[in-house]
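Please read the structure below before turning to the comments.
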Amino acid sequence: MSYEGSLLHLKNWSAEKFYSLFESIKNNKDSFSLGKKSTFLVFFEPSTRTRFSFELACHRVGSAVSVFSSDSSTSVAKGETLLDTLENLEAMRPDLIVLRAPAHFDFFNWEKSVKTPVINAGWGSFGHPTQALLDLFTLYETNKDLSQLKILIVGDIKHSRVAQSHFEAANILGIQLGVCGPRELIPSDLPSGIQIFQNLKDGMKWAQVLMALRIQKERHTNNLSYEDLSGYLIDEEKIQKWGQHLMVMHPGPVNYGVEIDRVVARSKNSLILKQVENGVRVRTAILKEILSQKGNS
Ligand code: CP
């Protein structure tokens, strides 16, 4: 059994739960004081946006925060395993663990054995629920009717935890998803209902939102080869020709000139920095909900 307050994926959310969260963020006052809470941010993979926004969110809800990175400053450098590290950190009884873990770690199985709520802050290629929530909140705040929305996800879909969480959310909220990218980077087991676009032009004309994803070379196996990526690069020319109506998103970090040009990323079509700004708001609301449920330690 998972701890009741955990956020590991979005599969068990209802549409009402999404909209209730989004409304509470829209109407929110930015700071709350829950008092005497402690949160461990445990990051076994690099992060800028997720880590710093959770850290800021902890300050906003009044939780003490300790940050663990698997670098030379921790006992990982002495050979301590990921599992041992987590067991020891949990034994200190924080009120919440926010965990980013690599694919080889059996995240969900471990989480069943802990007594502390856990937030999945990105797990291998399997899910990044708070990223999908902040993306969808960003669109919700532009007054888009999510149930009528068509989002085209472009790039390395196969290795993207963000895409996985969007698959879950879209199924619940009725969002239409399309994907476009090199054949080798499209998963063979896409959920039903997701349209595959062979070329960017057709996908851009179909969509209202273009979500570019980073090509995650660090997750590619040596034998993975794909065609030239330039056909999937979102640049000014393609936006001018087929996508002036599009809102452009990217979870970051961005490989400029590979999946998107910097000019487009900073153009009026882009929501990219708004996504980052909303990351703090969404994570603040989630921390508030989970930590306030937990009672005083
Ligand atoms: N979008 C995202 O997860 O970015 P970071 O890896 O910088 O946290």
Side-chain angles (χ1 to χ4, degrees), residues 7-10 25 39-60 65-71 82 96-105 107 118-141 151 153-170 179 181 185 209-220 234 247-256 258-260 262 264-266 270-287:
L7 172 56
L8 303 185
H9 53 72
L10 298 170
I25 300 165
T39 300
F40 285 178
L41 308 184
V42 185
F43 279 68
F44 284 95
E45 285 189 349
S47 170
T48 299
R49 281 148 288 270
T50 311
R51 195 199 116 170
F52 277 83
S53 58
F54 267 118
E55 199 165 349
L56 193 48
C58 284
H59 293 303
R60 293 210 172 147
V65 57
S66 306
V67 183
F68 171 98
S69 301
S70 55
D71 58 24
L82 195 163
L96 174 65
I97 294 176
V98 176
L99 175 63
R100 172 165 289 190
H104 65 76
F105 181 62
F107 194 130
V118 177
I119 296 177
N120 172 2
W123 173 33
S125 304
F126 303 115
H128 194 354
T130 61
Q131 179 69 44
L133 287 170
L134 75 88
D135 294 343
L136 295 174
F137 173 70
T138 301
L139 293 168
Y140 182 75
E141 217 183 21
I151 302 178
I153 308 181
V154 184
D156 189 353
I157 320 291
K158 187 174 184 171
H159 301 97
S160 172
R161 49 191 170 215
V162 177
Q164 288 300 329
S165 290
H166 275 290
F167 296 163
E168 293 173 4
V179 294
L185 299 181
V209 179
L210 204 51
M211 186 177 292
L213 296 177
R214 185 171 67 87
I215 303 294
Q216 302 198 32
K217 289 215 165 123
E218 74 277 18
R219 297 191 202 281
H220 293 187
I234 299 161
M247 288 181 285
V248 176
M249 306 180 87
H250 193 307
V254 176
N255 294 310
Y256 292 115
V258 178
E259 59 259 4
I260 192 168
R262 198 169 192 285
V264 177
R266 293 291 176 271
S270 174
L271 294 172
I272 293 173
L273 291 178
K274 198 63 177 166
Q275 289 171 266
V276 178
E277 181 184 336
N278 285 335
V280 180
R281 297 170 72 195
V282 166
R283 289 172 176 133
T284 300
I286 288 167
L287 286 187

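As the structure lists them, so they are numbered: ligands from 1, and atoms in each ligand from 1. Source: prediction; values computed, not measured.
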Which ligand 1 atoms, with their elements, are less than 4.0 angstrom from a heavy-atom of T48?
5 (P), 7 (O), 8 (O)

Among all the protein's non-hydrogen atoms, which is closest to atom 4 (O) of ligand 1, and how far away is it?
R49 NE, 3.0 Å

Identify which one of I286, I119, L7 satisfies the side-chain contact (heavy atoms from CB on, under 4.5 Å) criterion when paired with P129.
L7

Which atoms of ligand 1 have any heavy atom of P251 under 4.0 Å away?
1 (N), 2 (C)

Regarding R283 and S53, is there a side-chain donor-to-acceptor distance under 3.5 Å anywhere?
yes

Evaluate T50 for polar contact with ligand 1, using N/O atom pairs at a separation under 3.5 Å.
yes

If we set the cut-off at 4.0 Å for heavy atoms, which region of R100 has an atom near ligand 1: side chain, backbone, both, or neither?
side chain

As an exercise, identify every atom of ligand 1 less than 4.0 angstrom from a heavy atom of Q131.
1 (N), 2 (C)

Partner of F44 under ring pair (Phe, Tyr, Trp, His ring centres under 6.0 Å), chosen from F107, F105, F68:
F68

H128 to S165 - nearest heavy-atom pair and separation:
N-OG, 2.8 Å

Closest heavy-atom pair and its distance - G252, H250:
N-ND1, 2.8 Å

Please confirm whether G252 approaches ligand 1 to less than 4.0 Å, judged on its heavy atoms.
yes

Between E259 (side chain only) and V154 (backbone N and O only), is there a donor and an acceptor less than 3.5 Å apart?
no

